[in-house]
Trainee: 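One structure, as structure tokens, below. Some questions next.
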Amino acid sequence: FFFSSRRRHTRLQGDWSSDVCSSDLRERAGIAGVESGHFEIAQKDLRAASRISGSPEILPYIARCEVGLGNPRKALEIAGSVDVKKLSSQAQVMMRIAAAKARIALGEQNAAVITLQCAELNVRNAQWSRSLHNEYAAALRAAGRVQEAEAFISKFAESFNPVQPN
């Protein structure tokens, strides 16, 4: 996964000239960068996409970059500055994940668990379900709530099984 994401990020970066680039291409490259752990480059792409489009949908990924770059408080500032009603369900979930990662980085494990507790936690088949379930189980473990984590993993086992390539 790491290498395929890294190749995708590199390939996407090579698809634009420095003068002209669509917001969508920058956003996709930035998200691929976040997924592959290239937070500094991803942040540049995502900020450029945000300036071009003005879309708040990009902000959860920018917040993830801040956590990855060691700025969890900045990630929480971003999360707190967004009107969640303007975000899609997926972006709302991704923002919760970014905020929870920031809380864990700050040593606030129980706050991370609370951040991830939402109605979407019971959804099984959305594009973001696997990510949310995995982050919630990780937050429970980080908070020392191992038995709760194991029960949650049992309840949503499909989210913890390896993804089979098509």
Side-chain angles (χ1 to χ4, degrees), residues 1-9 12 27-39 42-43 46 49-50 55-166:
F1 173 76
F2 170 76
F3 292 111
S4 65
S5 293
R6 186 174 183 183
R7 271 192 300 248
R8 182 174 51 174
H9 185 230
L12 284 171
E27 182 178 351
R28 287 185 289 145
I31 292 170
V34 169
E35 291 172 354
S36 63
H38 295 100
F39 298 111
Q43 185 180 48
L46 292 166
S50 181
S55 172
E57 296 288 305
I58 300 169
L59 293 175
Y61 298 100
I62 293 173
R64 287 267 311 272
C65 287
E66 291 294 351
V67 175
L69 292 170
N71 304 315
R73 292 193 192 289
K74 179 67 176 166
L76 292 175
E77 286 176 26
I78 292 169
S81 70
V82 178
D83 180 2
V84 293
K85 294 175 187 156
K86 293 183 179 180
L87 297 177
S88 66
S89 293
Q90 179 175 347
Q92 289 178 23
V93 167
M94 298 313 288
M95 188 63 85
R96 283 182 176 277
I97 289 171
K101 285 181 175 286
R103 294 286 182 200
I104 288 172
L106 292 169
E108 302 171 359
Q109 289 80 1
N110 285 318
V113 171
I114 292 168
T115 299
L116 294 170
Q117 291 174 339
C118 56
E120 292 83 3
L121 200 54
N122 292 311
V123 176
R124 293 178 181 272
N125 58 354
Q127 180 178 356
W128 38 260
S129 295
R130 181 180 291 269
S131 295
L132 180 59
H133 293 160
N134 278 274
E135 293 300 330
Y136 185 68
L140 285 169
R141 283 190 184 118
R145 297 161 63 177
V146 178
Q147 288 180 330
E148 285 179 68
E150 295 304 320
F152 182 80
I153 290 168
S154 294
K155 181 177 178 181
F156 293 97
E158 67 277 4
S159 289
F160 299 91
N161 295 329
V163 177
Q164 299 299 320
N166 293 335

Trainee: Heavy-atom distance under 4.5 Å between the side chains of Val123 and Leu132, does that happen here?
Mentor: no

Trainee: Quick check on Arg124: does its CZ atom have over 12 non-hydrogen neighbours (other residues, nucleotides or ligands) under 6.0 Å away?
Mentor: yes

Trainee: Of the non-hydrogen atoms in Ala149 and Ala137, which two are nearest, and what is the gap between them?
Mentor: CB-O, 3.8 Å

Trainee: Heavy atoms only: give me the nearest Tyr61-Leu46 pair and the separation to one decimal.
Mentor: CB-CD1, 3.6 Å

Trainee: Between Gly30 and Ala42, what is the shortest heavy-atom contact and its length?
Mentor: O-CB, 3.3 Å

Trainee: Hey, could you give me the NE2/CZ distance between His133 and Phe160, rounded to the nearest 0.5 Å?
Mentor: 7.0 Å

Trainee: Given Arg141, which partner from the list Glu150, Gln109, Glu148 fulfils the side-chain hydrogen bond (donor to acceptor under 3.5 Å, both in side chains) test?
Mentor: Glu150

Trainee: Working to the nearest 0.5 Å, report the span between NZ of Lys86 and OG of Ser55.
Mentor: 11.0 Å

Trainee: Measuring from Leu87:CG to Leu59:CG, what's the distance to the nearest 0.5 Å?
Mentor: 7.5 Å

Trainee: Looking at CZ of Arg64 and CD1 of Ile78, how far apart are the two atoms once the value is rounded to the nearest 0.5 Å?
Mentor: 12.5 Å

Trainee: If every non-hydrogen atom of Phe152 is compared with every non-hydrogen atom of Leu140, which pair is closest and at what distance?
Mentor: CB-CD1, 4.4 Å

Trainee: Given Leu116, which of Arg103, Glu135, Lys101 fulfils the side chain to side chain contact (heavy atoms under 4.5 Å, CB included) condition?
Mentor: Glu135

Trainee: For side chain to side chain donor-acceptor pair (under 3.5 Å), just list the numbers for Gln90 and Glu57, CA-CA rounded to whole Å, side-chain angles, deciding distance to a tenth of an Å, and then say yes or no.
Mentor: CA-CA 9 Å; Gln90 179 175 347; Glu57 296 288 305; over 6 Å; no

Trainee: If you look at every heavy atom in Asn134 and Ser159, which pair is closest and at what distance?
Mentor: ND2-O, 3.1 Å

Trainee: Taking Val84's backbone N and O only, do any of them form a donor-acceptor pair with Gln92's side chain (distance below 3.5 Å, no angle check)?
Mentor: yes

Trainee: Might you point out which heavy atoms bring Thr115 and Ala100 nearest each other, and give the distance in Å?
Mentor: CG2-N, 3.9 Å

Trainee: Once rounded to the nearest 0.5 Å, what's the spacing between atom CD of Glu120 and atom CZ of Arg96?
Mentor: 6.5 Å

Trainee: Any side-chain heavy-atom pair from Phe39 and Glu66 closer than 4.5 angstrom?
Mentor: no

Trainee: Would the number of heavy atoms belonging to other residues, nucleotides or ligands and lying under 6.0 Å from CD of Gln127 be above 12?
Mentor: no

Trainee: Where the side chain of Arg130 meets the backbone of Glu158, is there a donor-acceptor pair that is under 3.5 Å apart?
Mentor: yes

Trainee: Atom OG in Ser88, atom CE in Met94: separation rounded to 0.5 Å?
Mentor: 10.0 Å

